[in-house]
Amino acid sequence: MNFSRRLFGFIYLVGAIANVAMIVFSPEIYKDFAAQALIPFYQNAWNSLVVPNLYVFVSLTIVFEVGLGLLFLRGRRFLGLAYLVSLGFNIGLIPFGWTFFYSNGVLVLVQLYLVAKVANSRQFGFIGEKSGLSRAQARR
């Protein structure tokens with residue numbers, strides 16, 4: 001479980017770095033991002049809302065990815081929350097096209113398994129009265 005937690009943390013931090021590089025050096029990449037969207041709403045929303053405000057939305061995405069990456073790396077205390085947020089993010093990306101359907105679909109399946117594992121385990125569960133983890137153990 002520590003490996004998957006660190007791997008997802010690393011993936012989100014690398015994703016944030018990639019978005020920084022793309023918005024600085026090749027912002028035109030984002031203009032056609034939704035061209036292959038499976039749902040017309042995605043393409044319409046992207047072209048009418050995101051593209052005109054590209055720097056705002058990419059900045060928000062970068063902040064989100066850094067936050068989520070750090071949440072994964074923070075420790076087991078927030079692991080369930082990190083997987084759920086990541087799961088929602090990946091599900092939201094799937095309608096952008098078949099490439100996302102396959103790549104993010106695999107991530108969704110892996111994360112569904114990991115969320116179920118986290119939710120059913122006292123050791124890795126959400127911290128609360130019933131978790132059985134001390135604060136020091138939860139940070140690891």
Side-chain angles (χ1 to χ4, degrees):
M1 189 64 74
N2 274 337
F3 173 76
S4 63
R5 174 177 62 84
R6 289 185 178 129
L7 178 64
F8 277 103
F10 177 76
I11 287 170
Y12 279 104
L13 292 178
V14 168
I17 292 167
N19 275 307
V20 168
M22 287 188 295
I23 197 67
V24 169
F25 298 111
S26 300
E28 67 278 358
I29 289 173
Y30 291 100
K31 291 184 177 30
D32 292 329
F33 184 76
Q36 303 299 317
L38 303 174
I39 300 172
F41 168 77
Y42 268 63
Q43 192 171 25
N44 294 335
W46 186 267
N47 292 328
S48 64
L49 182 64
V50 177
V51 172
N53 303 296
L54 189 60
Y55 289 94
V56 171
F57 281 96
V58 173
S59 297
L60 290 172
T61 301
I62 292 166
V63 168
F64 173 80
E65 288 178 326
V66 168
L68 189 53
L70 294 176
L71 192 61
F72 272 111
L73 296 175
R74 175 70 177 111
R76 291 181 269 183
R77 182 174 190 181
F78 300 105
L79 185 57
L81 176 62
Y83 279 129
L84 287 174
V85 171
S86 179
L87 183 63
F89 181 68
N90 283 294
I91 289 170
L93 287 174
I94 289 173
F96 275 107
W98 287 110
T99 303
F100 291 95
F101 179 80
Y102 295 119
S103 61
N104 292 79
V106 169
L107 282 175
V108 165
L109 294 175
V110 169
Q111 289 177 332
L112 281 172
Y113 168 76
L114 292 170
V115 165
K117 190 172 180 180
V118 167
N120 291 327
S121 172
R122 287 185 63 196
Q123 183 180 4
F124 294 103
F126 297 96
I127 294 304
E129 296 175 22
K130 299 178 182 177
S131 83
L133 276 179
S134 70
R135 286 182 184 251
Q137 289 171 318
R139 284 191 293 265
R140 288 187 217 139

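Y113 is not listed as a side-chain neighbour of L109, based on a closest heavy-atom distance of 4.5 Å or more. Between L93 and L107 there is no side-chain heavy-atom pair separated by less than 4.5 Å. Residues F41 and P95 fail the side-chain proximity criterion, which asks for heavy atoms closer than 4.5 Å. With contacts defined as side-chain heavy-atom distances shorter than 4.5 Å, the pair N47/Q43 qualifies. Between S59 and V63 the shortest side-chain heavy-atom distance does not fall below 4.5 Å.
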#### Entry: side-chain contact (heavy atoms from CB on, under 4.5 Å) between F89 and E65, intermediate numbers included
CA-CA 10 Å; F89 181 68; E65 288 178 326; 4.2 Å; yes
request  = Walk me through it: do L114 and L87 pass the test side-chain contact (heavy atoms from CB on, under 4.5 Å)?
outcome  = CA-CA 10 Å; L114 292 170; L87 183 63; over 6 Å; no
| message | Using side-chain contact (heavy atoms from CB on, under 4.5 Å), reason through Q36 and T99 one step at a time and then give a plain yes or no. | response | CA-CA 9 Å; Q36 303 299 317; T99 303; over 6 Å; no
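Of the inter-residue distances, the one linking L7 atom CG with N2 atom CG reads 12.0 Å to the nearest 0.5 angstrom. Atoms CZ and CD1, on F100 and I91 in that order, are 15.5 Å from each other to the nearest 0.5 Å. The CG atom of L73 lies 7.0 Å from the CZ atom of R5; values are rounded to the nearest 0.5 Å. Taking CG from L71 and CZ from F8, the interatomic distance works out to 13.0 Å, rounded to the nearest 0.5 Å. Here the CE atom belonging to M22 is positioned 3.5 Å from the OH atom belonging to Y30, to the nearest 0.5 angstrom. Distance check, rounded to the nearest 0.5 Å: CG of L54 to CG of L49 gives 11.0 Å.
Crowding of F101 atom CZ: a count of heavy atoms from other residues, nucleotides or ligands under 6.0 Å not exceeding 12.
Side-chain heavy atoms closer than 4.5 Å link hydrophobic residues (I, L, V, M, F, W, Y) into clusters, and following such links, possibly through other members, connects L112 to Y102. In terms of hydrophobic clustering, with Ile, Leu, Val, Met, Phe, Trp and Tyr side chains grouped at heavy-atom distances under 4.5 Å, I17 and V24 are assigned to different clusters. Residues V108 and W98 share a single hydrophobic cluster, defined by chaining ILVMFWY side chains whose heavy atoms lie under 4.5 Å apart. A continuous path of ILVMFWY side-chain contacts below 4.5 Å connects I29 to Y55, so both sit in one hydrophobic cluster. Placement of V20 and F25 within a single hydrophobic cluster is found when ILVMFWY residues are connected by side-chain heavy-atom separations under 4.5 Å, directly or transitively.
The nearest pair of heavy atoms linking V66 to A16 is CG2-CB, 3.6 Å. For the pair L84 and V115, the tightest heavy-atom approach, listed with the atom from each and the gap, is CD2-CG1, 3.7 Å.
Of the candidates F96, F57, Y42, F96 is the only one forming a ring-ring contact (aromatic ring centres under 6.0 Å, His included) with F33.
Remark: side-chain polar atoms of Y12 are not paired, donor with acceptor, to backbone N or O of F64 under 3.5 angstrom. Here the side chain of S86 pairs no donor or acceptor atom with the backbone of A82 at under 3.5 angstrom.
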